[in-house]
Amino acid sequence: MLADLHSHTFYSDGVLAPAALIERALANKLTHLAITDHDTTEAFEHLDNIFESESLTLIQGVEISCLWEQREIHVVGIGIDRHENGLQSLLVRQQGLRKERVQEMDMRLQKGGIIGLMRYIDTLPCKAISRNHVAQFLIDQGVARSKDHAFKNFLGDKGRFGAQAQWCELGTAISAIRGAGGIAVLAHPNRYNISNLKLRKLVAEFASFGGEGLEVSYSNLDPNKIAHMAALCTAHELWASTSSDFHTPVNHWMDLGKFRHLPPQCAERAIWLHPDWPGRTDCRAG
Ligand code: AMP
Ligand code: MN
Ligand code: MN
Ligand code: MN
């Protein structure tokens, strides 16, 4: 069992096409792969009749950006019915917010004498425009040295070229995922830059809204932090998920399937033991 339940294609801010992502999942010996693009399920529209494998099960997913106490939080939906109306209308709204946000960033860039963002965006296949794309544009223009530099100096909440989006509320994202038959999983809990106390509050509220899973082991998270996530997971009776949050082969520390196993205390709450786990039958094309 090697389940990577959080990954991106070029329909959001990853770099691979869905078929190439699956090829890489097969090469990396995954047994289960969830594609969870930001605010879009477009990747699955491009896989019919392409994917067929006995060794790998593809799971339909999505990663929704939302707000909790005015902070941006990400919730992954695992095993969703992507055709469900409530979920799709939420995703369309979120994609619209992403367009408006990038237009605002373009305006700020133009004021600073940097032109061409929208032309660059138009060349991309993405359905959900991300700050990650803007960061790449800033690198291409010689404005930023790296993605990290771009986010830290230009695209953060207080950055010169940054713009915020009024994402849906946490409870709305969870309800949409559940309404589409999916399991809602709190993504990368240690990346929100909040105190432990606040994180516990977030996880408690996430669970009270109907969230059922927590990413416990992901990409290069170290054993101490994994133990912390595992404790949170157990305390709130959530299911434990594993993920790379894969975007690009360049970030080799976030490659598909590259994360530590769940610690023993989570063995009985591994998400693949969830009664609604989709991995047995979902989306196995043939
Ligand atoms: P957005 O969803 O448009 O707000 O863009 C956020 C995305 O940018 C995340 O999903 C990451 O893929 C990427 N990202 C965020 N912060 C950084 C960073 N410091 N360095 C590189 N990529 C980042
Ligand atoms: Mn991303
Ligand atoms: Mn995320
Ligand atoms: Mn992600």
Side-chain angles (χ1 to χ4, degrees), residues 4-16 21 33-43 59 61-68 70-78 91 93-106 108 117 120-121 124 126-139 143-159 161-168 173 177 184-193 213-215 217-221 241-256 258-259:
D4 191 334
L5 303 176
H6 183 159
S7 67
H8 297 274
T9 73
F10 64 23
Y11 289 109
S12 66
D13 61 348
V15 302
L16 299 185
L21 183 73
L33 170 71
I35 298 180
T36 58
D37 276 317
H38 298 285
D39 298 317
T40 177
T41 55
E42 180 72 16
I59 296 170
V62 70
E63 180 176 17
I64 302 179
S65 297
C66 53
L67 292 174
W68 175 75
Q70 276 104 50
R71 289 167 196 282
E72 185 176 311
I73 302 295
H74 292 181
V75 179
V76 163
I78 300 292
L91 298 184
R93 204 155 57 237
Q94 298 266 116
Q95 288 161 26
L97 293 173
R98 288 178 173 278
K99 273 191 198 120
E100 284 167 24
R101 185 178 59 159
V102 82
Q103 278 157 357
E104 163 135 16
M105 288 192 265
D106 180 47
R108 286 168 187 249
L117 175 63
Y120 168 69
I121 297 287
L124 304 171
C126 68
K127 293 282 173 192
I129 307 162
S130 160
R131 281 182 301 166
N132 215 346
H133 298 117
V134 182
Q136 186 59 55
F137 173 75
L138 291 178
I139 294 169
V143 176
R145 288 191 298 276
S146 66
K147 289 269 173 87
D148 217 36
H149 183 225
F151 274 91
K152 284 208 176 102
N153 291 272
F154 303 112
L155 301 177
D157 287 349
K158 295 189 184 99
F161 306 130
Q164 287 177 314
Q166 197 61 37
W167 306 123
C168 67
I177 289 166
V185 177
L186 184 62
H188 41 64
N190 86 317
R191 287 200 206 135
Y192 298 123
N193 214 4
L214 189 78
E215 288 188 346
S217 176
Y218 41 95
S219 44
N220 55 353
L221 201 65
S241 188
T242 52
S243 62
S244 62
D245 198 4
F246 176 83
H247 284 75
T248 164
V250 171
N251 294 351
H252 53 85
W253 61 95
M254 292 172 81
D255 202 352
L256 285 177
K258 198 161 181 184
F259 40 78

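Just so you know, residue 1 is the first one in the sequence shown, and it goes up from there. For ligands, and for the atoms within them, numbers begin at 1 and follow the listed sequence.
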Task: Protein contact of atom 21 (C) of ligand 1 - nearest heavy atom, named by residue and atom, plus distance - done: Lys147 CB, 3.5 Å
Task: Candidates Asp37, Asp39, Thr40 - the one meeting side chain to side chain donor-acceptor pair (under 3.5 Å) with Ser12 - done: Asp37
- [ ] For the residue pair Phe161 and Val134, establish whether any side-chain heavy-atom pair is separated by less than 4.5 Å.
- [x] no
Open item on the list: Quick check for you: with the Mn ion (ligand 2) as the vertex, what angle do NE2 of His38 and OD2 of Asp13 span, to 10°?
Closed with: 100°
TODO: Looking only at protein heavy atoms, identify the closest one to atom 18 (C) of ligand 1 and say how far it is in Å.
DONE: Phe151 CD1, 3.5 Å
- [ ] Look at atom NZ of Lys147 and say whether more than 12 heavy atoms of other residues, nucleotides or ligands are closer to it than 6.0 Å.
- [x] yes
Open item on the list: If you measure every N or O of Asn132 against every N or O of ligand 1, does any of those distances drop under 3.5 Å?
Closed with: yes
Task: Interatomic spacing from CZ in Arg101 to CD in Gln94 - rounded to 0.5 Å - done: 10.0 Å
Task: Atom pair CG (Leu138) and CZ (Phe151), whose distance is rounded to the nearest 0.5 Å - done: 9.5 Å
Open item on the list: For the 3.5 Å polar cut-off, considering only N or O atoms, please tell me whether Arg101 and ligand 1 meet it.
Closed with: yes
Task: Pair Arg191 + Asp245: basic N to acidic O under 4.0 Å - done: yes
Task: Distance filter under 4.0 Å to Arg98 heavy atoms, resulting ligand 1 atoms - done: 1 (P), 2 (O), 3 (O)
Task: Closest Glu63 atom to the Mn ion (ligand 4) [N, O or S only] - done: OE1
Task: Residue His6 atom name (nearest to the Mn ion (ligand 4); N/O/S) - done: NE2
Open item on the list: Give me the residue, atom name and distance of the protein heavy atom closest to atom 19 (N) of ligand 1.
Closed with: Asp148 OD1, 3.0 Å
Open item on the list: For ligand 1, which is the ligand I care about here, please tell me if Ser130 has any N or O atom under 3.5 Å from one of the ligand's N or O atoms.
Closed with: yes
Task: Separation of Trp167 CH2 from Arg93 CZ (nearest 0.5 Å) - done: 12.5 Å
TODO: If the plane angle is over 60° it's perpendicular, under 30° parallel, otherwise tilted; pick one for His188 and His6.
DONE: tilted
Open item on the list: Among all protein heavy atoms in this structure, tell me which lies nearest to atom 6 (C) of ligand 1, with the distance rounded to 0.1 Å.
Closed with: Arg131 NH2, 3.9 Å
Task: Residues, nucleotides or ligands: over 12 heavy atoms within 6.0 Å of Arg145 CZ - done: no
Task: Residue Asp245 atom name (nearest to the Mn ion (ligand 4); N/O/S) - done: OD1
Open item on the list: Under a 4.0 angstrom heavy-atom cut-off, which atoms of ligand 1 come close to His38?
Closed with: 10 (O)
Task: Nearest to the Mn ion (ligand 4) - the N/O/S atom of His8, by atom name - done: NE2
Open item on the list: Yes or no: does Lys152 have any heavy atom under 4.0 Å from an atom of ligand 1?
Closed with: no
- [ ] Please determine which of Gln136, His247, Arg131, His133 meets the side chain to side chain donor-acceptor pair (under 3.5 Å) test together with Asp13.
- [x] His247
Open item on the list: Can you report which non-hydrogen protein atom sits closest to atom 11 (C) of ligand 1, along with the distance?
Closed with: Asp13 OD2, 3.9 Å
